[in-house]
Amino acid sequence: MYKITKKVVLNEAIDLMHIEAPLVAKNAKPGHFVIVRVDKDGERIPLTIAGMNGNDVHIIYQKLGYSTQLLGEKAAGDTIEDFVGPLGKAAHIRDKKHVVGVAGGVGSAPLLPQLKAYYEQGTKVTLILGARNQDYIILRDEYAKFCDQIIVTTDDGSLGQKGLVTDALKPLLASDKSIDHVIAIGPVIMMKYVTLMAKEYQKTIDVSLNPIMIDGTGMCGNCRVSIGGETFFACIDGPDFAGEDVDFDELMARQNYYKEEEHVCYMRLKK
Amino acid sequence: MIKTPRTKMQEQDANIRIENFLEVALGYSLEEAREEARRCIDCKNPRCVVACPVRVKIPEFIKLLLEDALDEAFETIYEDNILPSICGRVCPQESQCEGACILGIKSQPVSIGALERFVGDYGMEKGLANTGAPPSNGIKVAVVGSGPAGLANAASLRKKGYEVTIFEALHDYGGVLKYGIPDFRLPKEIVTNEVQNLENLGVKFVKNAVIGKSLTIDQLFEEGFESIFIGSGAGLPSALGVPGENLNGVYYANEFLTRVNLMKSRKGVFSKTPIKLGDNVAVVGGGNVAMDAARTAKRLGAKNVFILYRRGREGLPARLEEIHHAEEEGIVFNLLTNPVEIIGEDRLVKQVRCEHMKLGEPDTSGRRRPLPTGEFTTFDIDNIIISIGQKPNPILKDNTLGLDTQPWGGIITDEFQMTSIPGVFAGGDVVTGAATVILAMGAGKDAAHHMHEYLQTKNKQ
Ligand SMILES: Cc1cc2nc3c(=O)[nH]c(=O)nc-3n(C[C@H](O)[C@H](O)[C@H](O)COP(=O)(O)OP(=O)(O)OC[C@H]3O[C@@H](n4cnc5c(N)ncnc54)[C@H](O)[C@@H]3O)c2cc1C
Ligand SMILES: Cc1cc2nc3c(=O)[nH]c(=O)nc-3n(C[C@H](O)[C@H](O)[C@H](O)COP(=O)(O)OP(=O)(O)OC[C@H]3O[C@@H](n4cnc5c(N)ncnc54)[C@H](O)[C@@H]3O)c2cc1C
Ligand code: SF4
Ligand code: SF4
Ligand code: FES
């Protein structure tokens with residue numbers, strides 16, 4: 001059992017939680033993730049480690065379906081059944097001068113520790129923070145502590161610039177020659193288009209892949225992704241990969257294979 | 001006596017059992033067990049014992065059974081095999097103990113597995129393995145993985161007085177016994193019971209601890225563990241390496257079986273980790289894993305389940321009983337059939353194209369090598385489950401400096417089962433590659449002996 005030591009409702013869809021888990025906190029680095037099981041017989045869901053203090057590990061999750069909704073019903077002081085990590089490979093912090101981070105929705109949570117690591121090694125950091133509307137823009141103050149510049153985009157224009165993250169990225173890449181790297185974390189479709197744009201401007205790009213996972217230890221093979229025609233297991237080879245040759249369309253299709261079942265599961269919870 | 005046929009074990013009818021996950025073979029009654037035990041001629045030089053990887057004293061326990069000394073029969077088996085209820089059910093007896101039984105030459109061998117299961121279950125019900133916790137000698141040892149290798153290692157070391165902690169990556173204990181082998185062959189209560197026995201012995205269990213990640217081998221030493229046993233198994237699925245392998249609807253057996261066993265998805269029952277399966281299911285491979293996947297698919301309601309296997313019938317590595325049960329359950333065997341391409345539409349699997357094979361000269365495994373014929377067949381399918389083998393998971397290797405491994409990932413050990421890191425031992429599938437429960441159990445037990453010697457020498461210095 002793992003104790004929830006703190007919970008903050010960031011907006012109607014997204015929460016932040018601190019979980020007491022010394023075995024996870026001990027070796028965790030930016031880019032690592034955990035697998036959470038809310039209760040007995042619960043699903044194993046992967047969530048990125050968004051930060052740490054002492055024995056506490058921070059997660060930021062979007063209440064998308066059954067399991068994340070169930071997690072959202074827990075309060076500080078409650079416990080959850082399982083919490084295992086740190087899983088995956090730590091993010092590869094490259095030797096770069098000026099990095100643009102592109103965060104879509106809850107992707108801003110996993111991006112934060114990575115961008116911070118870049119900043120701490122002396123890299124200049126620019127951020128594009130995109131979401132569907134102003135309520136979904138999270139962690140802006142945290143980022144403001146170290147980002148050189150933050151551009152906010154919302155689909156409906158309720159905050160910042162109206163439009164997609166790529167609308168903000170294009171002029172940036174076109175005008176600022178000092179930019180030598182892009183990191184995109186968010187919905188797969190966003191990572192796909194950001195990757196295409198980075199390639200167009202000949203910048204290296206890292207993305208964080210989020211296929212369906214079960215064990216997270218390289219045992220089931222559910223999390224396989226195709227990169228340059230080769231198969232990788234995102235849970236042990238990733239989840240962060242260079243974006244250039246990722247087959248994003250395959251990833252999207254694989255994410256949707258269980259869509260109907262997930263929906264049925266979710267409807268049961270609503271009842 | 002010799003010509004008396006084996007005492008048949010009661011089984012669930014094939015038509016009924018394909019609708020449930022209850023155990024297929026129902027076990028002997030005391031009467032049946034006695035009847036079968038009487039067939040053993042108590043050989044002076046029992047060939048069966050030599051053929052058992054852990055040398056269970058077979059004629060001895062059978063004799064005790066006949067004398068109604070069931071407690072002693074259990075003790076006798078338990079001295080060599082701490083998992084009799086499990087091994088009695090899943091050992092490939094036909095190629096081990098029973099395969100060597102003298103009666104097998106002229107007639108049928110003694111049903112040693114069934115008798116071992118009977119005695120094991122008797123002991124389990126009576127709690128005979130529950131001897132209480134021996135006093136501690138104050139020396140801490142760590143065990144990585146809670147499969148049969150880890151469990152056996154922990155039990156042996158605890159009995160010698162060591163303070164043993166098992167670290168398991170998953171949220172439940174038992175390794176393949178829990179997430180791989182289905183209930184209809186090995187009810188999960190049996191595994192849970194064995195784990196409970198170890199807890200009663202005083203073994204500590206820590207779940208959700210991925211060694212190499214949550215704690216490294218070095219950190220285990222820093223925490224005061226003086227020796228470490230690695231029994232992390234061979235969990236990484238091997239790929240078929242044909243086009244279309246990443247289409248939706250293509251499963252590795254591990255994913256399929258884990259969803260059903262560990263995550264408890266069952267058709268018609270509300271599950272948070274569901275399993276999606278259509279009417280026509282192909283299973284690639286011919287081992288126990290393939291049989292388990294095929295029979296599980298049948299139980300989940302698939303109408304046509306068929307095996308695709310590139311060798312002939314004699315080449316099937318699965319236990320005979322499993323092949324037999326699979327056939328009774330309507331699983332079709334397409335032998336000498338090798339998948340070469342998985343074909344999809346809208347990223348969903350639709351067909352599998354296979355090449356017919358013929359048998360050539362024996363290969364390194366001693367089996368006749370399958371050769372391509374240039375003739376192809378295409379099957380319509382909704383799902384395909386790949387079950388062609390597992391390799392050791394790379395997490396420990398990748399995160400442990402100085403741990404020598406084979407090119408295929410297996411951990412290299414010396415004659416005392418010590419790895420390239422002093423004080424770190426290994427055994428089971430992670431050393432041999434995917435093998436059997438009894439070999440893993442034996443390796444865990446033997447390693448306990450070597451660790452004991454190592455620790456005694458070390459602590460004397
Ligand atoms: C490495 C990794 C890191 C992640 N980090 C975060 C994070 O920091 N914050 C966050 O909000 N989300 C994160 N996710 C996504 C998160 O795991 C899913 O949103 C969650 O599993 C959804 O579960 P659900 O039951 O609530 O929703 P469901 O209704 O079951 O699913 C919603 C969507 O989530 C995906 N999904 C479902 N089950 C799984 C699963 N077991 N593994 C992966 N994806 C699944 C499906 O593609 C589906 O479309 C991460 C995913 C991965 C692989
Ligand atoms: C579907 C299936 C059917 C089978 N049927 C039979 C059969 O009928 N008869 C038979 O004899 N054999 C059978 N086998 C083979 C047999 O199960 C294995 O040979 C045996 O379980 C190996 O035991 P082990 O202890 O070495 O490893 P495993 O049983 O694989 O256990 C290893 C454990 O270590 C854990 N682990 C891995 N890495 C780490 C880490 N870094 N940190 C912490 N924990 C870790 C794993 O999660 C797992 O729980 C079958 C195998 C499968 C998959
Ligand atoms: S442990 Fe396996 S091989 Fe040995 S006697 Fe028992 S069933 Fe036979
Ligand atoms: S070889 Fe057969 S008959 Fe002889 S002791 Fe063993 S089980 Fe009995
Ligand atoms: S999640 Fe099972 S192998 Fe990656």
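Below, all heavy atoms of this structure are taken into account, side chains as well, without hydrogens, waters or symmetry copies. Quick note on labels: first sequence line is chain A, next is B, and so on, each numbered from 1.
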Partner chain A: residue of B:Q219, B:K207, B:R347 with the largest heavy-atom pair count (under 4.5 Å):
B:R347

Take A:N222 and B:Y252 through the side-chain hydrogen bond (donor to acceptor under 3.5 Å, both in side chains) test and state the conclusion after the steps.
CA-CA 8 Å; A:N222 196 1; B:Y252 288 123; over 6 Å; no

In a check of side-chain contact (heavy atoms from CB on, under 4.5 Å) between A:M219 and each of B:I395, B:V176, B:T258, which one passes?
B:T258

Other residues, nucleotides, ligands: >12 heavy atoms within 6.0 Å of A:K3 NZ
no

Which one, A:T217, A:I35, A:N256, leads in non-hydrogen pairs under 4.5 Å with chain B?
A:T217

Verify the neighbour count for atom CZ of B:F221: are there more than 12 heavy atoms of other residues, nucleotides or ligands below 6.0 Å?
yes

Going by an N to O cut-off under 4.0 Å, is there a salt bridge joining A:E43 and B:R259?
no

Can you say whether B:I386 sits under 4.5 Å from chain A via the side chain, the backbone, both, or neither, judging by heavy atoms?
neither

Tell me which of these, A:I236, A:I214, A:V24, A:D247, has more heavy-atom pairs under 4.5 Å with chain B than the rest.
A:I214

Contact part of A:F233 toward chain B, heavy-atom cut-off under 4.5 Å: side chain, backbone, both or neither?
side chain

Answer key: most heavy-atom pairs under 4.5 Å with chain B among A:I212, A:D82, A:V225 is A:D82

Based on non-hydrogen pairs under 4.5 Å, which of A:D215, A:L87, A:V84 is most in contact with chain B?
A:V84

Can you tell which part of A:R37 gets under 4.5 Å to a heavy atom of chain B, answering side chain, backbone, both or neither?
side chain

Suppose we screen for salt bridge (Lys or Arg N to Asp or Glu O under 4.0 Å). Which residues come up paired with A:D41, at least two apart in sequence or across chains?
B:K264

Please say whether more than 12 non-hydrogen atoms of neighbouring residues, nucleotides or ligands are located less than 6.0 Å from NZ in B:K178.
yes

Check whether any side-chain heavy atom of A:Y257 sits under 4.5 Å from a side-chain heavy atom of B:L247, and report yes or no.
no

Name the member of A:G229, A:G218, A:G221, A:S226 that forms the most heavy-atom pairs with chain B at distances under 4.5 Å.
A:G218

Which answer fits B:F256, side chain, backbone, both or neither, if we ask what part of it has an atom under 4.5 Å from a heavy atom of chain A?
neither

Would you give the length of the straight line joining atom CD1 of B:I211 to atom CG of A:L23, rounded to the nearest 0.5 angstrom?
7.5 Å

Give the member of B:V210, B:L257, B:N248 that has the highest number of heavy-atom pairs under 4.5 Å with chain A.
B:N248

Chain A contact via B:Q390 - side chain, backbone, both or neither, heavy atoms under 4.5 Å:
neither

Do other residues, nucleotides or ligands put more than 12 heavy atoms under 6.0 Å from A:K29 NZ?
no

Among B:A169, B:G212, B:G249, which residue forms the greatest number of heavy-atom pairs with chain A at distances under 4.5 Å?
B:G249

Intermediate values then yes/no, side-chain contact (heavy atoms from CB on, under 4.5 Å), B:M263 and A:R44:
CA-CA 9 Å; B:M263 305 311 294; A:R44 293 174 65 97; 3.7 Å; yes

Mind running side-chain hydrogen bond (donor to acceptor under 3.5 Å, both in side chains) on B:N246 and A:T231 for me, showing each step along the way?
CA-CA 8 Å; B:N246 293 349; A:T231 297; 3.1 Å; yes

Could you state the interatomic distance from NZ (A:K40) to NE2 (B:H171), rounded to the nearest 0.5 Å?
9.5 Å

Name, in order of residue number, those residues of residues 234-243 of chain B that have a heavy atom at a distance of less than 4.5 Å from a heavy atom in chain A; otherwise write 'none'.
B:G235, B:L236, B:P237

Side chain, backbone, both or neither: which part of B:V250 has a heavy atom under 4.5 Å from chain A?
both

